[in-house]
Chemist: 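I'd like to ask you about the structure that follows.
What you see below is based on every heavy atom in this structure, not just the backbone, and it leaves out hydrogens, waters and symmetry mates.
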Amino acid sequence: MPDSEKVLVVDDDDSLRRVTEYRLTDAGYAVRAAASGEEALEEIRREPPRVVLTDVRMPGMDGLELIDRARILLPGAAFVVITAHGDVATAVRAMQLGAVDFLEKPFAKERLLVCVRKALEIVRLRDENRRLRAIVQEHGAIEGIIGSGSAFRAVLADLEMAAVSNATVLILGESGTGKELIARAIHARSPRSGKPFVVVNCAAIPETLIESELFGHRRGSFTGATEDRKGKLEIAAGGTVFLDEIGDLPLPVQPRLLRFLQEGEIDKIGASQPLRADVRVVAATRVDLEERVREGTFRDDLWYRLNVVPLRLPPLRERREDLPLLVEHFLLKHARRHDRAVPELAPEVLDRFERYRWPGNVRELENLLERLVVLTRTNRVTVEDLPAALRQDAPHYGGARVDLPPDGVVLEEVERGLIEEALRRFDGNQSKAARFLGISRPTLLYRMKKFGLR
């Protein structure tokens with residue numbers, strides 16, 4: 001049996017441990033078992049498994065301590081915890097320690113096998129990480145996604161890694177960073193590329209319609225339901241559904257989506273039986289979902305289900321080294337589209353681009369360059385051809401340069417951005433960041449807590 005199929009079952013309940021071991025062995029896995037955390041560590045040192053299923057509550061070393069110690073010995077393995085029914089808080093702590101899933105007692109054979117299969121997918125995903133990063137660095141851009149800087153190369157490597165699996169992907173990034181483009185690239189490079197790619201914008205659909213839009217309904221199930229209708233998840237069968245702005249999904253709909261992610265079943269409104277569907281989920285959000293969880297507007301268990309493979313897209317202001325490549329790409333693209341010559345940019349224009357904050361990110365840059373291609377009367381773009389926000393010199397406050405967009409700012413977003421930048425500049429050193437910002441360290445810690453920064 002290959003290493004990738006080795007599973008270790010840890011439980012002090014002899015009956016449950018033997019049944020679990022039998023079911024997994026019967027499914028073709030190479031299974032070993034341990035009755036305690038201490039015994040499990042010895043098994044891990046003797047023959048490292050790829051997946052560890054462990055009960056949480058055991059005498060001596062409990063499951064959480066086992067995970068904390070074993071992940072040092074098994075950096076590439078996946079951990080799954082077994083919890084009592086309703087013990088979500090313990091499961092959440094386990095996920096924070098690095099567990100990829102949890103099983104609630106009592107669990108059916110089918111649920112066990114699905115859980116182990118998903119855990120092995122994550123393991124294989126991790127195994128390919130180094131190889132895929134090398135591929136991305138060698139071959140550069142993926143399907144029109146432009147970027148050669150270190151920040152974006154890491155994103156492309158993770159994209160390649162995620163694409164070859166069925167794991168749920170959560171794309172994090174500000175508006176205009178290209179989240180849908182990344183989602184489409186994941187689908188295009190996956191085994192599902194020949195199947196549908198269906199987009200659902202959770203922020204654009206009224207709360208009263210989102211449930212029907214996602215899951216579909218039967219005729220007569222509510223007022224106005226004059227015919228049967230397939231939901232987006234059913235339409236995407238065999239392919240990928242992209243849930244854009246998942247942070248805006250209404251709280252009452254979230255349990256239905258959670259059930260779909262757990263069981264692969266669609267609860268169509270008005271239907272007597274759930275419908276099974278094989279659909280890969282890629283979600284995206286511009287908001288901080290952890291903050292939404294703390295506020296109580298987003299379920300923590302749904303967040304953990306979505307956050308299997310997180311991809312953070314850096315804003316354009318963190319991709320300065322990619323600016324020349326992006327400018328060249330968009331000028332050529334829109335010159336061809338509008339049958340115009342590619343204009344030349346004066347050096348002062350590129351300097352303004354470098355200094356600008358680009359609050360609208362890559363989308364703002366592309367829109368500006370298309371406008372310059374279409375409206376510039378000569379074949380040379382100067383500073384005078386730029387919009388006011390880029391023509392004006394940034395005002396100075398206490399020796400600091402501040403770029404103020406013409407449509408105003410949200411002060412809390414500016415404060416959060418300054419804190420994030422200071423922490424990045426000093427590699428997370430809070431004392432240095434506080435001195436740089438001219439505040440005390442306790443004040444910095446208070447504001448970090450306020451904005452959910454770690």
Chemist: Can you confirm whether C115 sits close enough to R111 that some side-chain heavy atom of one is under 4.5 Å from a side-chain heavy atom of the other?
Modeler: yes

Chemist: Return the CG to NZ distance between L437 and K432, rounded to the nearest 0.5 Å.
Modeler: 14.5 Å

Chemist: Using the salt bridge (charged side-chain N to carboxylate O under 4.0 Å, His left out) rule, pick out the option among R312, R363, K179, R317 that qualifies with E174.
Modeler: R317

Chemist: Determine yes or no for a side-chain-to-main-chain donor-acceptor pair under 3.5 angstrom, with R71 supplying the side chain and G76 the backbone.
Modeler: no

Chemist: Does a side-chain heavy-atom distance below 4.5 Å link T177 with L316?
Modeler: no

Chemist: Check each of K195, H187, R184 against T240 using the side chain to side chain donor-acceptor pair (under 3.5 Å) test, and report the only one that passes.
Modeler: H187

Chemist: Could you grab the distance from atom CG of L345 to atom CG of D351, nearest 0.5 Å is fine?
Modeler: 12.5 Å

Chemist: Do H334 and E366 pair up side chain to side chain, a donor and an acceptor below 3.5 Å, judged on atom types alone?
Modeler: yes

Chemist: Residues two or more places apart in sequence or in another chain: which of them pass ring pair (Phe, Tyr, Trp, His ring centres under 6.0 Å) with F451?
Modeler: none

Chemist: Which donor-acceptor pairs under 3.5 Å do the side chains of residues 321-328 make with protein atoms, sequence neighbours left out?
Modeler:
| from | atom 1 | to | atom 2 | distance (Å) |
| --- | --- | --- | --- | --- |
| E321 | OE2 | S150 | N | 3.4 |
| D322 | OD1 | S148 | N | 2.9 |
| D322 | OD1 | G149 | N | 2.7 |
| D322 | OD2 | R319 | NE | 3.0 |
| D322 | OD2 | R319 | NH2 | 3.2 |

Chemist: I'd like to know if the side chain of E265 and the backbone of R276 have a donor-acceptor N/O pair within less than 3.5 Å.
Modeler: no

Chemist: For a quick test of reading the model, state the closest non-hydrogen atom pair linking G238 to V279 and the distance between them.
Modeler: N-CG2, 4.5 Å

Chemist: Between E354 and R320, is there a salt bridge with N-O shorter than 4.0 Å?
Modeler: no

Chemist: Give the C-alpha distance, both sets of side-chain angles, the deciding distance and a yes or no for side-chain hydrogen bond (donor to acceptor under 3.5 Å, both in side chains) between N166 and R192.
Modeler: CA-CA 9 Å; N166 280 319; R192 299 172 179 267; 2.9 Å; yes

Chemist: Can you tell me if R424 has over 12 outside heavy atoms packed within less than 6.0 Å of its CZ?
Modeler: yes

Chemist: Looking at side-chain heavy atoms only, is the closest gap between D385 and L375 below 4.5 Å?
Modeler: no

Chemist: Assess whether a salt bridge exists between R93 and D68, defined as any Lys/Arg side-chain N lying under 4.0 Å from an Asp/Glu carboxylate O.
Modeler: no

Chemist: Quick one: which of V282, L159, D158 gives a side-chain contact (heavy atoms from CB on, under 4.5 Å) with I182?
Modeler: L159

Chemist: If I compare all heavy atoms of R416 with all of D288, which pair ends up nearest, and what's the gap?
Modeler: NH2-OD2, 3.8 Å

Chemist: Flag the pair F260 / I266 as yes when at least one side-chain heavy-atom distance between them is below 4.5 Å, and no otherwise.
Modeler: yes

Chemist: Looking at V7 and P49, what are the two nearest heavy atoms and their distance?
Modeler: C-CB, 4.3 Å

Chemist: Looking at R286 and D248, is there a salt bridge between them, counting it only when a charged N and a carboxylate O are closer than 4.0 Å?
Modeler: yes

Chemist: So, taking the atom named CD1 in I171 and the one named CD1 in I246, what distance separates them when rounded to the nearest 0.5 Å?
Modeler: 12.0 Å

Chemist: Determine whether a donor-acceptor pair (N or O, by modelled atom type, separation under 3.5 Å) exists between the side chain of N429 and the backbone of S431.
Modeler: yes

Chemist: As an exercise, state the distance from CZ of F197 to CZ of F242, rounded to the nearest 0.5 Å.
Modeler: 6.0 Å

Chemist: I need the minimum non-hydrogen distance between L372 and T376, along with the two atoms involved.
Modeler: O-OG1, 2.6 Å

Chemist: Are any non-hydrogen side-chain atoms of L365 and L369 less than 4.5 angstrom apart?
Modeler: yes

Chemist: Taking the basic N atoms (NZ, or NE/NH1/NH2) and the acidic carboxylate oxygens, is any pair closer than 4.0 Å for E384 and R391?
Modeler: no

Chemist: Would you call K268 and E234 a salt bridge, using N to O less than 4.0 angstrom?
Modeler: yes

Chemist: Going by the rule side chain to side chain contact (heavy atoms under 4.5 Å, CB included), which residues pair with L261 if we only count those two or more places apart in sequence or in a different chain?
Modeler: T168, L257, V281, L302, R305, L306

Chemist: Measuring from atom CZ of R352 to atom CG of L390, what distance do you get when rounded to the nearest 0.5 angstrom?
Modeler: 8.0 Å

Chemist: One thing to verify: whether K118 and E121 come together as a salt bridge, which I'm taking to mean a side-chain N less than 4.0 angstrom from a carboxylate O.
Modeler: no

Chemist: With side chains defined as the heavy atoms from C-beta onward, is the minimum distance between L170 and V308 less than 4.5 Å?
Modeler: no

Chemist: If you measure from CG on L249 to SG on C202, what distance do you get to the nearest 0.5 Å?
Modeler: 5.0 Å

